[in-house]
Amino acid sequence: MADAYDYRAVEQKWQQRWDEQATFRAREDVEKQKYYALEMLPYPSGDLHVGHAKNYSLGDAIARMMRMLGYNVIHPMGWDAFGLPAENAAIAHGADPDKWTRANIANMQRQVRLMGTSYDWSREITTCEPEYYRWNQWLFLRLYEHGLAYKREAPVNWCPHDHTVLANEQVIDGRCWRCEHLVERRNLSQWFLKITEYADRLLDDLEKLDGWPERTRTMQRNWIGRSEGAQFTFAVENSEERISVFTTRLDTLFGATYLAVAPEHPTVSKIVTKKQRAAVEQFVQSLRSKSELERTSLMEKEGIFTGAYAINPLSHERVPIWVTNYVLAEYGTGAVMGVPAHDQRDFEFARKNALPAAMVVAPPGADVSAPLNEAFLEDGRLIASGDFTGMSSARARKAIADRLVALALGEPKVNYRLRDWLVSRQRYWGTPIPIVYCEKCGEVPVPDDQLPVLLPADVPITGEGSPLANDPAFSNTTCPTCGGPAKRESDTMDTFFESSWYYLRYLDPHNSGKPWDQEIARYWMPIDQYIGGAEHAVLHLLYSRFFYKFFHDRAWVTGADEPITRLFHQGMVLYNGEKMSKSRGNVIGIDEIVERRGVDAMRLFLLYVTPPEDTSDWTDEGINGRVRFVNRVWRACEPFLARARQADPRALPQVSADDEKALLRAVHVAAKSAVDETLSRRFHYNTTVAKLDEYVNALTTLEQRAPDSPAVAYAVHALPLIIAPFAPHLADELWEQLGHTTTVHLERYLEPDERALAVESITLVVQVNGKIRARLDVAPGISEDDAYALAIAQPPVQAQLDGKEIRKKIFVADKLLNIVA
RNA sequence: GGGGAAGUGGCGGAACGGUAGACGCAGCCGCCUCAAAAGCGGCCGGGCAACCCCCGUGAGGGUUCGAGUCCCUCCUUCCCUACCA
């Protein structure tokens, strides 16, 4: 036997050659249709595992397919390099975050290259480089100028032990993830981005995103949480204070039997009665330290009477004002009217605190005197509601709103669940926020020509307090306006800031004058296919849309005001049915697999196990089949290698034998599958790889019977073209050894040929009353009459019909004949 | 509590409303070999002695000439989201 396929040598050879020849360099070319293929920017955690590999195998197959289908493909890669793990490494074992991150990037970049991915490495970006994050700062200043970045006090998660602010995801069951102390809520001054100003557009434009998974759009819709209602005020008895509430159920206004306010509500301390003050203060104090999650999800509804009463603006009834844990200070007005009969939460609260319920909306004919077991949540007809009695809920909402407007007590109002994006982090490893505080001038933005504000090196990172605030060399500066002494902002940016616009920097990564050139962006944007996990369905993908709309409003980008046309969420890769994680110690890294089985086999396996959107299980046996496939391909082609070209894959040979025709058909079925799965954007390459199996099975079979058949030579010469996007190294090696001097990856893909796909005989299924009784091998296009004549000659068909009257015949051309008797 | 996706051989999975189980993994039998590995050929949902035939896509109903596929009810699993007034 000739030499076995040496995947190690071949894979290395082609990776080197693609690199040297810049095979996948992307250039603007107005003559060609562009295609922007992008996988989500990875965090450089240190090692590439098969989960990443699945993502990149898919993205790379798509990019290579589109390139071979004639598109001008841009396919870049980079590193989301700021973030907490680097700082944790510093705290845990004194690593320098910068060195630690760079070492990780170096290793992961090596591994991504090891996969043989067709990235244009000249566009690689690393977000912790000053060349990148200076544009973060620049963009922040533009947001600031437009009033979209602002500072205000906000409740944050504060760990009293570590003296630091925690992100929501670092609070586990109300405790600090690191020291496990109970987290407190503190009001601290924080930077926000006014994403809420774009809430309506972000919501409405979801309609346009028909290339996105419906569930992702739904999640964004829910996250934005637009709700239409009314805001109006209750007067407080014996006080000048007024309490504003928001409701979507104005029709239940006459059923309000109490008023509930959040513990942080500013009027609480003003209206509480002397008798209740101590108890209320104690209650508020006990909640102060509780996070929102704890209050709302983990605790029972609790509350305490303030002693004060409010007056219902229309019924003029006197209702008690309670402080409760279930009203959120951050949503609406921080106060709600309590309507136990028509809101389940209010119902539970009222029952617990012996507050009355008043039914004011009922379905027609309902017995309203019966005691309630739960709130009645539906619309109905109003009862016991003054002038509004008898109206439908919908009409009453309008009429009551009109009345409140007329009395100048309220107005229609739209509220959002979406809140402004808190972007400041009291951390070191991030982009410094380019703001200076001057004693005389106050808050001063750093002028553009002084960017970047460099992140200082050698700052002690202890996990206590803000590292930058504790560094006088960084903190002390002079005011850009008056030159007087000033302090720098010591907070850094949320890393989602970087990833909200990186896809634009890829297009023009070395521009030192601006973040990107608009003309270049005009050519490449929007992203035609974005691939990444569903875990980013809301945050990253919503922030990116927000930024892009802001850019669009500035005319920095043109065309559509959505950055991502089509989105695909690949499924996770499990191992032994479990999510891979470092803590479980079950992470399958790619180095060993690549070494032992080869990259092409790994890529083929990851595409083959499941449809790409499904969760797949890594198995050590499963890849065997793909290793065999790679070797079979090599052996099938071997007799033709290093010889003169014996066939042209663009010229279909004339053959006569059935198995020769079947082979030509298998070739084109596989090609058609690859093209269809790509252009339909279904990307079910698992079925394409199955058809490659059938192709190679047919090839090896015919090769044994008729090694000199032109069909064999043709199938061998077409094979590298067809497998190129899926097994790129093997493909280029075969292509070269079959006598070509240029890479297969810049060739046109094999165009599926109808002549090869056509079949000479089909199996027509004959059913009697829906059950299969015979199968006929006939020429395609057979008429119903001819088929019927053949069918009734079949003994099993005759037996079933047995003189019965034929009532109906169902004929599906080239498929089936159903005789109903 | 709300929203979404999905239930097909031992396993991963195929299947425009029209031959269920393509293709592969694992397993079994055979060939090759002194032997093993690799490779090649075959078998591989259940019932039956059986190539006939019958049953079979989570359960039950429905629509249809015909349902894994469409509709309704239920069960199970997974993911997301949770007091947003």
Side-chain angles (χ1 to χ4, degrees), chain A residues 1 4 213-216 218-219 221-223 225-227 229 231 245-250 252 260 292-293 295-301 324-328 330-339 342-346 348-349 415-419 534-535 537-538 569 571-572 574 604-605 608-611 613-626 628-629 631-632 635 684 686-697 700-701 704 762-772 774-776 795-796 807-821:
Chain A
M1 196 176 115
E214 188 52 50
R215 63 184 171 127
T216 304
T218 303
M219 280 168 72
R221 254 179 229 119
N222 293 341
W223 187 268
R226 183 186 150 101
S227 99
Q231 191 167 312
V245 301
F246 173 76
T247 183
T248 55
R249 291 298 306 275
L250 209 48
T252 65
E292 191 172 287
L293 177 91
R295 288 189 204 183
T296 57
S297 302
L298 308 173
M299 291 174 72
E300 288 258 313
K301 288 179 181 56
T324 70
N325 63 347
Y326 77 95
V327 174
L328 307 173
E330 291 287 296
Y331 182 78
T333 62
V336 299
M337 61 178 193
V339 186
H342 302 291
D343 183 287
Q344 190 57 27
R345 296 157 301 184
D346 297 346
E348 287 166 24
F349 183 78
N415 253 316
Y416 299 90
R417 210 188 80 108
L418 180 72
R419 303 187 196 164
E535 66 274 16
V538 175
H569 295 307
M572 287 186 303
L574 306 180
L604 284 165
F605 176 64
Y608 184 61
V609 244
T610 50
E613 67 272 24
D614 288 2
T615 302
S616 32
D617 232 309
W618 178 264
T619 66
D620 299 313
E621 297 82 41
I623 195 173
N624 287 347
R626 297 306 100 200
R628 278 178 208 141
F629 172 82
N631 290 328
R632 275 160 67 79
R635 276 196 306 275
H684 282 199
N686 54 322
T687 61
T688 303
V689 175
K691 289 178 169 77
L692 292 174
D693 275 332
E694 296 186 64
Y695 175 171
V696 175
N697 288 345
T700 51
T701 306
Q704 280 173 29
I762 51 109
T763 303
L764 189 84
V765 172
V766 180
Q767 297 181 334
V768 178
N769 294 330
K771 285 197 176 277
I772 296 160
R775 295 179 174 87
L776 306 173
R807 291 191 313 189
K808 205 173 181 183
K809 283 180 276 185
I810 313 285
F811 182 69
V812 181
D814 294 345
K815 286 274 182 193
L816 131 159
L817 175 67
N818 186 11
I819 303 167
V820 185

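Just so we're on the same page: letters track the sequence lines, and every chain starts at 1. The model shown is predicted, which means the values in this text are computed figures rather than measured ones.
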Just compare B/A14, B/A85, B/A22 and give me whichever is closest to any side-chain atom of A/Pro611. B/A14
Using atom P in both nucleotides, what's the gap between B/C74 and B/G9 to the nearest angstrom? 25 Å
Counting only side-chain N and O atoms of A/Arg635, is one of them less than 4.0 Å from OP1 or OP2 of B/A38? no
How is A/Gly225 classified with respect to the nucleic acid when contacts are heavy atoms under 4.0 Å: base, sugar-phosphate, or nothing? nothing
Touch check for A/Arg215, heavy atoms < 4.0 angstrom, all strands: base, sugar-phosphate only, or nothing? sugar-phosphate
How far does CE of A/Met572 sit from OG1 of A/Thr615, to the nearest 0.5 angstrom? 4.5 Å
Can you tell me how far P in B/C65 sits from the matching atom in B/C54, rounded to whole Å? 22 Å
Kindly indicate whether the side chain of A/Lys691 and the base of B/C23 share any N or O donor-acceptor pair separated by less than 3.5 Å? no
More than 12 heavy atoms from other groups under 6.0 Å of CZ on A/Arg226: yes
Please determine if A/Asp693 and A/Arg626 form a salt bridge, counting it only when a charged side-chain N lies under 4.0 Å from a carboxylate O. yes
Would you please classify the geometry between the A/Tyr331 ring and the A/Phe246 ring as parallel, tilted or perpendicular, with 30° and 60° separating the classes? perpendicular
Please give, in whole Å, the distance from B/G18 C1' to A/Ile810 CD1? 11 Å
Any A/Ser616 side-chain nitrogen or oxygen under 4.0 Å from OP1 or OP2 of B/G12: no
Between atom CZ in A/Arg417 and atom P in B/U81, what is the gap in whole Å? 9 Å
Measuring to OP1 and OP2 of B/C80, would you say a side-chain N or O of A/Asn222 lies under 4.0 angstrom away? no
Where along residues 331-338 of chain A does a heavy atom fall under 4.0 Å from RNA chain B? A/Tyr331, A/Val336
Please work out if A/Phe629 contacts a base, only the sugar-phosphate, or nothing of the nucleic acid, heavy-atom cut-off 4.0 Å. nothing
Take atom NE2 of A/His684 and atom P of B/C16, then tell me their distance rounded to the nearest Å. 12 Å
For atom CZ of A/Phe605 and atom P of B/C25, their distance in whole Å: 11 Å
How far does CG of A/Asn686 sit from CG of A/Asp614, to the nearest 0.5 angstrom? 8.5 Å
Categorize A/Val812 for me: base, sugar-phosphate, or nothing, with a 4.0 angstrom heavy-atom threshold over every strand shown. base
Taken to the nearest whole Å, NZ/A/Lys815 to P/B/A15 is 13 Å
Roughly how far apart, to the nearest Å, are B/U8 and B/C83 at atom P? 34 Å
OG1 of A/Thr619 to CG of A/Leu574, rounded to nearest 0.5 Å, is 12.0 Å
Taking all atoms of both residues into account, what is the closest heavy-atom pair of A/Val245 and A/Met337, and its distance? CG1-N, 4.0 Å
What's A/Thr610 touching, base or sugar-phosphate or nothing? Going by heavy atoms closer than 4.0 Å. sugar-phosphate
Which of B/C25, B/A85, B/A22 is nearest the side chain of A/Arg628? It is B/C25
Which part of the nucleic acid, if any, lies within reach of A/Thr619 when heavy atoms closer than 4.0 Å are counted: base, sugar-phosphate only, or nothing? nothing
Any chance you could lay out the side-chain hydrogen bond (donor to acceptor under 3.5 Å, both in side chains) test for A/Glu613 and A/His684, step after step, and finish with the verdict? CA-CA 9 Å; A/Glu613 67 272 24; A/His684 282 199; 2.9 Å; yes
Donor-acceptor pair (no angle test) under 3.5 Å: A/Gln344 side chain, B/G1 base: no
Rounded to the nearest 0.5 angstrom, the CZ-CD distance for A/Arg417 and A/Glu330 is 13.0 Å
For A/Thr248 and for A/Glu621, find the nucleotide of RNA chain B with the closest heavy atom, then tell me which residue's nucleotide is more 5'. A/Glu621
Can you check whether A/Val339's main-chain N or O pairs, donor with acceptor, with A/Asp346's side chain at less than 3.5 Å? yes
Got a minute to check which stems RNA chain B is part of, using Watson-Crick or G-U wobble pairs under 3.5 Å, three or more consecutive? B:1-7 with B:75-81, B:10-12 with B:23-25, B:27-31 with B:39-43, B:45-47 with B:53-55, B:58-62 with B:70-74
Indicate, with a heavy-atom threshold strictly under 4.0 Å, whether A/Asn818 touches base, sugar-phosphate, or nothing. base
Can you tell me if A/Asn818 uses its side chain to pair, donor with acceptor, with the backbone of A/Gly770 under 3.5 Å? yes
Could you tell me whether A/Arg626 contacts a base, only the sugar-phosphate backbone, or nothing, with contacts defined as non-hydrogen atoms closer than 4.0 Å? sugar-phosphate
If we take the C1' atom in both B/G62 and B/G66, what is their distance in whole Å? 15 Å
When you check the gap from the basic side-chain N to the acidic O, do A/Arg221 and A/Glu214 get nearer than 4.0 Å? yes
Between B/G47 and B/C51 - P atom distance, rounded Å: 13 Å
Under 4.0 angstrom, heavy atoms only, what part of the nucleic acid is A/Gln767 near: base, sugar-phosphate, or nothing? base
Hey, what do you get for OG (A/Ser616) to OH (A/Tyr608), rounding to the nearest 0.5 Å? 13.5 Å
Looking across every strand, which nucleic acid part, if any, lies under 4.0 Å from A/Asn686 by heavy atom: base, sugar-phosphate, or nothing? sugar-phosphate
In whole Å, measure the gap between the P atoms of B/U19 and B/U69 for me. 14 Å
Checking one value: the base orientation of B/G9, syn if chi is within 90 degrees of 0, otherwise anti. syn
Can you tell me how far P of B/G41 sits from CG of A/Asn697, to the nearest Å? 8 Å
5' precedence on RNA chain B between A/Lys808 and A/Asn624 (nearest-nucleotide basis): A/Asn624
Using the P atoms only, state how far B/G42 lies from B/A35, rounded to an integer number of Å. 23 Å
Distances under 3.5 Å between protein N/O atoms and the N/O atoms of nucleotides 51-55 of chain B, please, pair by pair.
residue: B/C54; atom: OP1; partner: A/Arg773; partner atom: NH1; Å: 3.3

Roughly, in whole Å, what's the span from CD in A/Glu613 to P in B/A6? 10 Å
Choosing from B/G3, B/A15, B/A85, which nucleotide comes nearest the side chain of A/Leu328? B/A85
In whole angstrom, give me the gap between the C1' atoms of B/C31 and B/C11. 28 Å
If you measure from NZ on A/Lys815 to CG on A/Leu764, what distance do you get to the nearest 0.5 Å? 10.5 Å
Heavy-atom closest pair (A/Asp620 atom, A/Asn624 atom, distance to 0.1 Å) is O-OD1, 3.8 Å
Given atom CE of A/Met572 and atom C1' of B/U77, what is their separation to the nearest angstrom? 13 Å
